Amino acid sequence: MSIKRYGPEGKSGTGGQHLPFSSAVEAGGWLYISGQTPMTDGEVVEGGIVEQSKLAIENCLEIMHNSGYSKKDIVHMKVILTDARYFQSFNKVFKEYFGEHPPARICMVADLVVDVKVEVDLTCYKSN
């Protein structure tokens with residue numbers, strides 16, 4: 001089994017800080033996408049939980065598509081919210097994106113290293 005790393009050079013985080021991890025790693029048909037926050041070009045995009053959730057999910061989906069996977073390949077999502085009161089709003093956004101075929105999911109509340117309201121990651125699987 002080979003391991004393929006996408007974006008191993010890392011992206012830039014807030015203030016141009018180098019992020020020293022891959023955007024995604026693929027092994028044996030599995031794709032693990034690193035946690036994504038509502039950032040564009042290394043800068044946090046301001047907004048409420050709905051706007052930030054959409055962008056964090058879109059960032060994951062972009063990495064997924066660039067890695068050759070599609071929404072039907074998503075099996076699990078991890079969600080970190082910074083406030084439990086965001087749960088219902090996040091669920092509405094989640095349903096917009098995944099509707100009839102939602103992946104398994106965990107949602108937790110924790111502080112994040114970046115000043116955002118949400119972080120998400122995806123695990124995908126595609127048989128050869």
Side-chain angles (χ1 to χ4, degrees):
M1 171 177 65
S2 63
I3 295 175
K4 183 173 183 181
R5 299 174 198 293
Y6 296 91
E9 65 281 354
K11 291 184 176 181
S12 293
T14 54
Q17 174 190 8
H18 176 259
L19 302 175
F21 50 83
S22 297
S23 297
V25 175
E26 181 180 18
W30 291 94
L31 180 71
Y32 301 91
I33 298 174
S34 292
Q36 299 297 305
T37 57
M39 296 178 81
T40 301
D41 300 323
E43 295 300 321
V44 172
V45 175
E46 296 300 323
I49 185 61
V50 170
E51 295 81 13
Q52 288 201 359
S53 296
K54 287 180 179 181
L55 184 55
I57 292 170
E58 286 291 334
N59 288 343
C60 278
L61 295 177
E62 179 181 0
I63 293 167
M64 180 190 71
H65 289 300
N66 290 342
S67 302
Y69 288 73
S70 66
K71 282 169 88 172
K72 69 179 177 61
D73 301 317
I74 301 170
V75 294
H76 192 261
M77 174 186 269
K78 287 192 251 354
V79 180
I80 303 168
L81 302 172
T82 57
D83 191 317
R85 293 174 290 186
Y86 298 152
F87 185 71
Q88 292 303 323
S89 296
F90 181 85
N91 278 342
K92 289 178 185 175
V93 173
F94 182 84
K95 188 171 183 176
E96 284 178 35
Y97 281 88
F98 304 107
E100 308 256 335
H101 305 287
R105 189 183 91 183
I106 184 172
C107 186
M108 62 190 105
V109 175
D111 289 331
L112 292 170
V113 186
V114 181
D115 188 20
V116 296
K117 295 171 175 53
V118 60
E119 182 172 347
V120 298
D121 79 4
L122 293 176
T123 301
C124 305
Y125 178 76
K126 182 169 63 172
S127 63
N128 294 341

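Not measured: the values here are computed from a predicted model.
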**Item:** Atom pair OG1/CD1 of T37 and I80 - distance to nearest 0.5 Å
**Value:** 10.5 Å
**Request:** To the nearest 0.5 Å, tell me how far I106 CD1 sits from M77 CE.
**Result:** 13.0 Å
**Asked** Are Y6 and I3 connected, step by step, through hydrophobic side chains (Ile, Leu, Val, Met, Phe, Trp, Tyr) whose heavy atoms are closer than 4.5 Å?
**Response** no
**Item:** From CA spacing to verdict: side chain to side chain contact (heavy atoms under 4.5 Å, CB included), Y86, V118
**Value:** CA-CA 9 Å; Y86 298 152; V118 60; over 6 Å; no
**Prompt:** What's the spacing between S23 OG and M64 CE if we round to 0.5 Å?
**Reply:** 14.0 Å
**Request:** For K78, check side-chain hydrogen bond (donor to acceptor under 3.5 Å, both in side chains) against everything at least two apart and list the hits.
**Result:** D121
**Request:** Inspect the surroundings of CG in N66 and state if more than 12 heavy atoms from other residues, nucleotides or ligands are less than 6.0 Å away.
**Result:** yes
**Message:** Applying side-chain hydrogen bond (donor to acceptor under 3.5 Å, both in side chains), can you list everything that pairs with Y69, at least two apart in sequence or on another chain?
**Reply:** E26
**Where at least one partner belongs to residues 61-75, residue pairs that pass salt bridge (charged side-chain N to carboxylate O under 4.0 Å, His left out), sequence neighbours excluded** = none
**Message:** Determine whether T82 and V116 satisfy the following criterion, side chain to side chain contact (heavy atoms under 4.5 Å, CB included), listing intermediate values before the conclusion.
**Reply:** CA-CA 8 Å; T82 57; V116 296; 5.8 Å; no
**Prompt:** To the nearest 0.5 Å, how far apart are OG1 in T40 and CG in N59?
**Reply:** 6.0 Å
**Heavy-atom closest contact (R5 atom, S22 atom, distance)** = CB-OG, 3.6 Å
List the atom pairs, donor and acceptor, that lie under 3.5 Å between side-chain atoms in residues 44-55 and the rest of the protein, sequence neighbours left out.
{"residue": "E51", "atom": "OE1", "partner": "G48", "partner atom": "N", "Å": "2.8"}
{"residue": "Q52", "atom": "OE1", "partner": "K117", "partner atom": "N", "Å": "2.8"}
{"residue": "Q52", "atom": "NE2", "partner": "V45", "partner atom": "O", "Å": "3.3"}
{"residue": "S53", "atom": "OG", "partner": "I49", "partner atom": "O", "Å": "2.7"}

**Asked** Which of parallel (below 30°), tilted (30 to 60°) and perpendicular (above 60°) describes W30 and Y32?
**Response** parallel
**Request:** Taking all heavy atoms of C124 and all of I74, pick out the closest pair and write down the distance.
**Result:** SG-CG1, 3.9 Å
**Request:** Examine distances only and state if a side-chain atom of E100 and a backbone atom of F98 form a donor-acceptor pair shorter than 3.5 Å.
**Result:** no
**Request:** Work out which heavy atom in L81 is nearest to a heavy atom in C107; give both atom names and the distance.
**Result:** CD1-SG, 3.6 Å
**Message:** Tell me every residue that passes side-chain hydrogen bond (donor to acceptor under 3.5 Å, both in side chains) with Y97, counting only those two or more places apart in sequence or in another chain.
**Reply:** E58
**Message:** Once rounded to the nearest 0.5 Å, what's the spacing between atom CG of L122 and atom CD1 of I57?
**Reply:** 8.0 Å
**Item:** salt bridge (charged side-chain N to carboxylate O under 4.0 Å, His left out) contacts touching residues 79-91 (sequence neighbours left out)
**Value:** D83-R85
**Atom pair CG/OG1 of L31 and T123 - distance to nearest 0.5 Å** = 8.0 Å
**Message:** Would a single hydrophobic cluster contain both V120 and F87, if residues Ile, Leu, Val, Met, Phe, Trp and Tyr are joined by side-chain heavy-atom contacts under 4.5 Å?
**Reply:** yes
